[in-house]
Amino acid sequence: MPKFMLLMSYGKIEGVEPITSWAPGDIKAHIDFQQALGQELTDKGELVDAQGLAGPEVAKIVVFKGEGAPVVTDGPFPESKEFLAGYWTVDVETLDRALEIAAQASAAPGPGGAPIGQEIEVREVMSAPSVEQ
């Protein structure tokens, strides 16, 4: 079965204030939704992994050219308007099922319980190329 990553970016969602400005009850409802979706996918045997990620203010960028010490810098820069906030990795029969899950995730509740319509990027996980000649 193919695996897909469903990538959730944090950024401007039209008509929705940033989660940092939501009422505590709205944040709780949003997190509860995420946890319920994760449990549903686990119960169906489709969830491989799901994680929320720390914000860009604690991220690091590493560059190494094979010699000397790697260069480690802060980033992406906090003034960035969008960043990867979390992901789900799912193991499903078809792309259509991955898209269905992404649509469900996109409709997570926001302020007042209204679906936020968050953009979810769906990408198939590639397997390593064959080394046989």
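We use all heavy atoms of the structure for the numbers below, so side chains are in, but hydrogens, waters and symmetry mates are not.
- Looking at Ile61 and Asp74, their side chains never come closer than 4.5 Å, going by heavy atoms from C-beta outward.
- Contact detail for Pro70 and Val62: the closest heavy-atom pair is CB-CG1, 4.0 Å.
- With no hydrogens or angles considered, no side-chain donor-acceptor pair links Asp32 and Gln34 at under 3.5 Å.
- More than 12 heavy atoms of other shown residues, nucleotides or ligands fall within 6.0 angstrom of atom CD in Glu40.
- Here the CG atom belonging to Leu47 is positioned 10.0 Å from the CH2 atom belonging to Trp88, to the nearest 0.5 angstrom.
- Each of Leu84 and Ile120 belongs to its own hydrophobic cluster when Ile, Leu, Val, Met, Phe, Trp and Tyr are linked at side-chain heavy-atom distances under 4.5 angstrom.
- A continuous path of ILVMFWY side-chain contacts below 4.5 Å connects Ile101 to Leu99, so both sit in one hydrophobic cluster.
- Residues Leu53 and Tyr87 are in side-chain contact: their nearest non-hydrogen atoms beyond the backbone lie under 4.5 Å apart.
- In terms of hydrophobic clustering, with Ile, Leu, Val, Met, Phe, Trp and Tyr side chains grouped at heavy-atom distances under 4.5 Å, Val92 and Leu37 are assigned to a common cluster.
- Between the CG atom of Asp49 and the CG atom of Asp91 there is a distance of 12.5 Å, given to the nearest 0.5 Å.
- Taking all atoms of both residues into account, the shortest heavy-atom contact from Pro2 to Glu124 is CB-OE2, 3.5 Å.
- Atom CD of Glu17 is surrounded by 12 or fewer heavy atoms from other residues, nucleotides or ligands within 6.0 Å.
- Judged by distance alone, with hydrogens and angles left aside, the side-chain atoms of His30 form a donor-acceptor pair with the main-chain N or O of Pro109 at under 3.5 Å.
- Between Ile116 and Ile13, the shortest heavy-atom distance links the atoms O-CG2, 3.1 Å.
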Query raised in the report: Given Arg97 and Lys44, is the side chain to side chain contact (heavy atoms under 4.5 Å, CB included) satisfied, shown in steps?
Result: CA-CA 12 Å; Arg97 177 61 183 139; Lys44 291 181 176 182; 3.6 Å; yes
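- Hydrophobic clustering of Ile, Leu, Val, Met, Phe, Trp and Tyr side chains at less than 4.5 Å, counting indirect connections, unites Leu6 with Leu95.
- The closest donor-acceptor contact from the side chain of Thr89 to the backbone of Val48 lies at 3.5 Å or more, if one exists at all.
- The pair Arg123-Glu121 counts as a salt bridge, with a side-chain nitrogen and a carboxylate oxygen less than 4.0 angstrom apart.
- Using a 4.5 Å cut-off on side-chain heavy atoms (C-beta onward), Val71 and Thr73 make contact.
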Query raised in the report: Taking it one step at a time, do Trp22 and Val16 satisfy side chain to side chain contact (heavy atoms under 4.5 Å, CB included)?
Result: CA-CA 9 Å; Trp22 295 5; Val16 178; 3.8 Å; yes
Query - Residues Ile31, Lys28; criterion side chain to side chain contact (heavy atoms under 4.5 Å, CB included); working and verdict - result: CA-CA 5 Å; Ile31 299 301; Lys28 182 180 182 327; 5.9 Å; no
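- Pairing each heavy atom of Lys60 with each of Val72, the nearest pair is CB-CG1, 4.1 Å.
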